[in-house]
Amino acid sequence: MSIQHPYFTQKENYTESRVAFAHEVLQCDHEAGFYFTTPDYVLKSQHKLQDIEVAPDSHLSDWLKQARTQLNQAIQQGHPQARILGGIPFSNAQDVHLMLMDEVKRYQKLLYTSQQPEIAHSRIEQARFIPSGKQYQAQVAALVQNMQHGELNKAVLARILELHLSDEIDVSRLFYHLSKDNPEGYNYAVARNAAHEGWFVGASPELLVAKQDTRVWSKPVAGTLARDADPVQDQHNARQLQASAKDQHEHAVVIEMIADQLSPFCKKLHIPKQPSLIRTRRLWHLATRIEGELKNKDIHVFDLVEKLHPTPAICGQPTAIAKDLIEQLEPFNRELFAGTMGWADAQGNGEWSVTVRCARIRHHIARLFAGAGIVAASDPGAEHAETAAKFRTVLDGFGFSPAQLTEQVK
C-alpha cells in the first residue's frame, strides 16, 4: 500500500501536520516511545533521554517531584525542549512509566482515510479471566455488604482478561484502530523498553486534568451502561443511565471530590449542575466537563495531578479505605490501569487522561484491564456485565468478537 507523506510545516520545536494519516504517525516500532492522542491533537516522541528514577518505596508526590527535578536538569544540560511524557500508575512505584523525552512532535487532529491498515488475522489460542466471573460477582457482593455496614461509599473493583494469540501483536495496528474508534477521547501507547516490557496501550473517554497557563479543565466519567446494536434499545439504555439513581450518585461522588480539590487553586470554577451523556462505540457514560481559572499561572499541572489522583472514578471513596480493599481483593497488579497518562512541560502545562480501556501488550500476549464502580446499590451481575462491555473496546481494536472469545475462555 503506497501512502503519500503528509505535508509538514516546521514551527519552533514541534511539527504541525496539515493532514496526518494515522498509519504514518502512530508507528510504535521503537524500543521506547510515547503516543498520545486527544480530541484536538496528537503528541509523539521516540527520543528518550532518560527514565524518571524513583525509589521502590516512594509515592506519588515523590514521583512528581523527581520528574520535575530531572526535567530542570535536562534543560540545563542542553535539552531546552525536553518534556515529561508517560504514565503514572495506580499505586506501585515499580510501575512508574515517566520518561524525559526530546524531539516531541505535535500534530493536528488526525484524518483517517479509506486506506486503513487491516486488522491482523490472529487467532485467540487461550483466554482467561482473572478472577473468573463467578469469583468477581462474589467479590462485588462482599463489597456491597461492607458498604451497607461500614464507612466505604464506593470502590472500583477490576479484573483482567488475558489473551494468548497465535501471532506477534502489531501494536501500531492495534493503536491505530483504538484511535480511529475513539476520536473524541484520549488514546495512548507507552514503552520504556519495548523488548523487555512491551507496550501499554488504551483508549480512554476520561480526562483527569489539563492545564494551560491559567486555564484548567477536567472531564471525569462515572456511570456506565453498554450500548446496543438496536438503535431503539440503545436510546433506551441512554435514558436508563441518565435516570439511574445509582449511577447519578456514583457520578456525584466523583464530581464533589474533584471540585473540592480544584477549588483552592482557582479564582473561578464552573461545574454543570447535571452530567452529560457521552458515548463511545460500545458504552454510554455520564460525564461532566469542569472548567476553571487558576489563581496563578505558575501552578504546575503536577500540583493538580497530586491532589486528584486517584479519583473515586477509578479507586473509590474514602480513597484510603477503598485502596486498601482493592489491594486485598484484586489478585493481580494494576500496573498503569487506573493511573494517568499524559505530558508536562517546563512551564507546568500539560494534559493527563485516566488510563482505562487498556492493555499490556508483550509479544503475542495481551492483558486487558477493566473495572466497575461498586456502590451500596450495585448488583453483582450488572457490574460483571459492565466489565465485559468495557473489555470490548480493546477487543474491537483486535477485531475479535465475543463469540471468538467465548470459545477460548477458561
Side-chain angles (χ1 to χ4, degrees), residues 52 54 56-64 86-98 128-133 135-136 139-140 142-143 152 154-163 178 186-192 197-206 208 220-222 224 254 305-306 308-342 352-362 365-374 383-384 386-391 393-395:
I52 302 302
V54 301
D57 58 349
S58 58
H59 300 285
L60 178 62
S61 60
D62 304 310
W63 311 337
L64 301 180
I88 296 169
F90 177 68
S91 62
N92 295 327
Q94 68 193 39
D95 298 313
V96 172
H97 275 55
L98 293 176
R128 62 174 180 148
F129 289 103
I130 309 170
S132 69
Q135 291 169 329
Y136 184 78
Q139 289 178 341
V140 172
L143 269 179
L152 185 65
K154 175 184 176 179
V156 176
L157 197 61
R159 55 200 300 243
I160 283 176
L161 170 57
E162 186 173 276
L163 303 177
L178 290 174
Y186 294 82
N187 306 280
Y188 44 85
V190 62
R192 294 178 299 184
E197 300 175 343
W199 289 84
F200 197 89
V201 302
S204 173
E206 186 169 3
L208 178 68
V221 171
T224 300
V254 178
V305 169
E306 184 175 352
L308 295 177
H309 176 63
T311 73
I314 45 82
C315 180
Q317 203 275 329
T319 302
I321 296 174
K323 206 169 187 180
D324 286 345
L325 275 172
I326 287 168
E327 291 176 352
Q328 291 173 31
L329 289 173
E330 291 179 356
F332 54 85
N333 177 19
R334 285 191 171 193
E335 299 186 41
L336 290 172
F337 168 70
T340 181
M341 188 79 67
W352 293 83
S353 68
V354 179
T355 44
V356 292
R357 319 292 181 270
C358 52
R360 167 66 65 188
I361 307 296
R362 190 158 183 255
I365 298 173
R367 298 190 98 202
L368 285 62
F369 298 81
I374 314 303
E383 303 298 351
H384 175 252
E386 182 175 319
T387 62
K390 288 175 175 176
F391 282 130
T393 296
V394 177
L395 289 173

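Just the heavy atoms: all of them, side chains too, but no hydrogens, waters or symmetry mates, feed the values below.
- Contact check for Arg159 versus His384: side-chain heavy atoms found under the 4.5 Å cut-off.
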Quick one: do Leu157 and Glu383 satisfy side-chain contact (heavy atoms from CB on, under 4.5 Å)? Show the steps, please. CA-CA 9 Å; Leu157 197 61; Glu383 303 298 351; over 6 Å; no
Start with the C-alpha distance between Leu329 and Leu143, add both sets of side-chain angles, then the distance that settles side-chain contact (heavy atoms from CB on, under 4.5 Å), and finish with yes or no. CA-CA 10 Å; Leu329 289 173; Leu143 269 179; 3.9 Å; yes
Verdict with reasoning, Leu308 to Trp352, per side-chain contact (heavy atoms from CB on, under 4.5 Å): CA-CA 11 Å; Leu308 295 177; Trp352 293 83; over 6 Å; no
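- Taking CG of Leu336 as the reference point, atom CD1 of Ile88 lies at 9.5 Å (rounded to 0.5 Å).
- Checking side-chain atoms of Asp62 against main-chain N and O of His59 turns up a donor-acceptor pair under 3.5 Å.
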Please step through side-chain contact (heavy atoms from CB on, under 4.5 Å) for the pair Leu64 and Val305, ending with a clear verdict. CA-CA 9 Å; Leu64 301 180; Val305 169; 4.3 Å; yes
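- When side chains are defined from C-beta on, Val201 does not count as touching Val394, because their heavy atoms never get closer than 4.5 Å.
- For Glu386 and Lys390, the salt-bridge test passes: some basic side-chain N is under 4.0 Å from an acidic carboxylate O.
- Remark: Arg334 fails to qualify as a cation-pi partner of Phe369 under the 6.0 Å distance and 45° angle criteria applied to the six-membered ring.
- For the pair Thr340 (side chain) and Ser353 (backbone), a donor-acceptor distance under 3.5 Å is present.
- If you take CG on Leu152 and CG on Leu325, they are separated by 6.0 Å, rounding to the nearest 0.5 Å.
- Between the side chain of Arg192 and the backbone N or O of Val96, at least one donor-acceptor pair lies under 3.5 Å.
- The OH atom of Tyr188 sits 8.5 Å away from the CZ atom of Arg357 when rounded to the nearest 0.5 Å.
- Of all heavy-atom pairs spanning Phe200 and Met341, the tightest one is CD2-CE, 4.3 Å.
- Taking the ring centroids of Phe337 and Phe332, they lie at or beyond the 6.0 Å cut-off.
- Between Ala322 and Cys315, the closest heavy-atom pair is CB-O, 3.8 Å.
- Listed here is the closest heavy atom pair of Leu98 and Gly86: CD2-C, 4.0 Å.
- Counting only distance, with no hydrogens or angles, the side chain of Ser204 and the backbone of Val354 share a donor-acceptor pair below 3.5 Å.
- Interatomic distance, SG of Cys358 versus CZ of Arg367, reported as 12.0 Å (0.5 Å rounding).
- Under the side chain to side chain contact (heavy atoms under 4.5 Å, CB included) test applied with Phe129, the options Leu161, Ile160, Leu368, Thr387 reduce to a single match, Leu161.
- Without hydrogens or angle criteria, Glu206 side chain to Val221 main chain gives a donor-acceptor distance under 3.5 Å.
- Taking CD of Gln139 as the start and CD of Glu330 as the end, the distance is 7.5 Å to the nearest 0.5 Å.
- Taking NE2 of His309 as the reference point, atom CD1 of Ile314 lies at 5.5 Å (rounded to 0.5 Å).
- For Val54 against Ala93, the heavy-atom pair with the smallest separation is CG2-O, 3.6 Å.
- Smallest separation of non-hydrogen atoms from Pro331 and Ile130: CG-CG2, 3.9 Å.
- Listed here is the closest heavy atom pair of Ser91 and Lys323: CB-CE, 3.6 Å.
- Annotation: side chain of His97 is in contact with side chain of Glu197 (closest heavy-atom distance under 4.5 Å).
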